K.L.:
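One structure is given below, represented as structure tokens, and several questions about it will come after.
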Amino acid sequence: MIRVAATGDLHVGPDSASAVGEQLRAVGDKADLLLIAGDLTKSGLTGEASALASQLRGIGVQVVAVLGNHDHHSDHPNEIADLLRDAGVAVLEGEGVRVDTPNGTVGVAGVKGFGGGFAGASGAEFGEPEMKAFIRHTKERSEALESALAELETDVRIALMHYAPIRETLQGEPAEIFPFLGSYLLAEAVDRAGADLAVHGHAHRGTEHGVTPGGVNVRNVAQTVIRQAYAVYAFERPSRDRESASVGSYPISEPTT
Ligand SMILES: [Fe+2]
Ligand SMILES: [Fe+2]
């Protein structure tokens, strides 16, 4: 069994880093790796990232993360990613990483993603330059996710993002802001490349469980949604059969923490 811990929206500030570190300290007893689905910091300050990095250093499992919109807020996303990488965190943006566990290999492809909305209520690359840039950014990040996923040759493949790929895991948020919470383009990327699980955050008032149109399980792991430090998803039947992987046929057990 491969056990994947996942959390998101830690929003760490210097005053809360030690509490978050305490929450995550024993993750190695319950999981083989830890995913963090963005918004690691409160305001995107390098001091916040340093405080979190010091807590994640030597945590005992590979930590894999993407940045969220909060991590971009102070215009230092690269510095934040570097601080975390120095602590051993694999910070992904349009790329993948392979993690070897005692029971198989896990590939994680990650992007921040972006908004735009969902079928029947989505933005288009049309009109003002600002609107075109908005949707173009989502398209580019979705394409990057698809490429990174397609390159993974591991027993289990996971798509990690901050923004949501489906509207189902946004339930609980006002429908008016769905276009700022995610995009169907991310789900299309996941379905085309195939994955066993798609993980996101960002929607603090959303819902944990969902599934893409192509049948890939989606989990919103924002801490306020999962109401615990992290959720653990266990993959019972890792296989190298990429065809079965693409239809989400690996049953994952529900959180055990
Ligand atoms: Fe957040
Ligand atoms: Fe966010």
Side-chain angles (χ1 to χ4, degrees), residues 5-17 19-21 23-24 34-49 51-53 55-56 63-81 83-84 89 91-94 110-118 123 134-135 137-138 140-142 144-145 159-187 198-210 218-231:
T7 188
D9 298 270
L10 304 177
H11 294 282
V12 164
D15 54 338
S16 62
V20 169
Q23 287 180 349
L24 302 178
L34 171 66
L35 309 180
I36 307 179
D39 281 0
L40 294 91
T41 63
K42 191 179 289 182
S43 306
L45 298 171
T46 54
E48 296 170 345
L52 176 61
Q55 298 294 329
L56 296 177
V63 181
V64 183
V66 293
L67 300 187
N69 56 313
H70 281 249
D71 307 316
H72 281 255
H73 181 62
S74 298
D75 299 325
H76 297 304
N78 294 333
E79 291 90 336
I80 286 173
L83 284 164
L84 292 162
V89 178
V91 182
L92 305 179
E93 181 51 57
V111 293
K112 172 181 65 65
F114 203 41
F118 300 90
F134 177 23
I135 301 302
H137 182 56
T138 307
E140 288 171 355
R141 300 334 301 151
S142 299
L145 176 64
L160 176 64
M161 60 204 99
H162 182 58
Y163 286 79
I166 59 172
R167 68 169 88 214
E168 199 176 346
T169 47
L170 302 181
Q171 298 306 320
E173 297 278 5
E176 291 84 354
I177 67 168
F178 279 15
F180 303 108
L181 297 178
S183 167
Y184 74 99
L185 294 171
L186 293 164
V199 173
H200 74 88
H202 191 49
H204 294 194
R205 291 175 289 181
T207 298
E208 183 180 359
H209 295 79
V218 178
R219 297 292 182 264
N220 176 356
V221 295
Q223 274 196 336
T224 51
V225 171
I226 59 176
R227 296 196 184 93
Q228 54 188 333
Y230 49 84

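Model, not experiment: these values are computed from the prediction. All ligand and atom numbering here is 1-based and tracks the order in the structure.
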K.L.:
Please name the atom of His11, restricted to N, O or S, that is closest to the Fe ion (ligand 1).
P.N.:
NE2

K.L.:
Among Asp9, Asp71, Asp15, which residue meets the salt bridge (charged side-chain N to carboxylate O under 4.0 Å, His left out) test with Lys42?
P.N.:
Asp15

K.L.:
Distance from Arg167 atom CZ to Tyr184 atom OH, nearest 0.5 Å?
P.N.:
12.0 Å

K.L.:
Show me the donor-acceptor pairs, under 3.5 Å and distance only, between side chains in residues 159-166 and residues at least two apart or in other chains.
P.N.:
residue, atom, partner, partner atom, Å
His162, ND1, Ala37, O, 2.8
His162, NE2, Asp39, OD1, 3.3
His162, NE2, Asp39, OD2, 3.2
His162, NE2, Asn69, OD1, 3.0
His162, NE2, His202, ND1, 3.0

K.L.:
Taking atom CG of Leu181 and atom CZ of Phe114, what is their separation to the nearest 0.5 Å?
P.N.:
11.5 Å

K.L.:
Could you please tell me which protein N, O or S atoms lie under 2.8 Å from the Fe ion (ligand 2)?
P.N.:
Asp39 OD2, Asn69 OD1, His162 NE2, His202 ND1

K.L.:
Give a yes or no on whether Phe180 atom CZ has more than 12 heavy-atom contacts from other residues, nucleotides or ligands under 6.0 Å away.
P.N.:
no

K.L.:
Can you confirm whether more than 12 heavy atoms, excluding those of His72, are under 6.0 Å from its NE2 atom?
P.N.:
yes

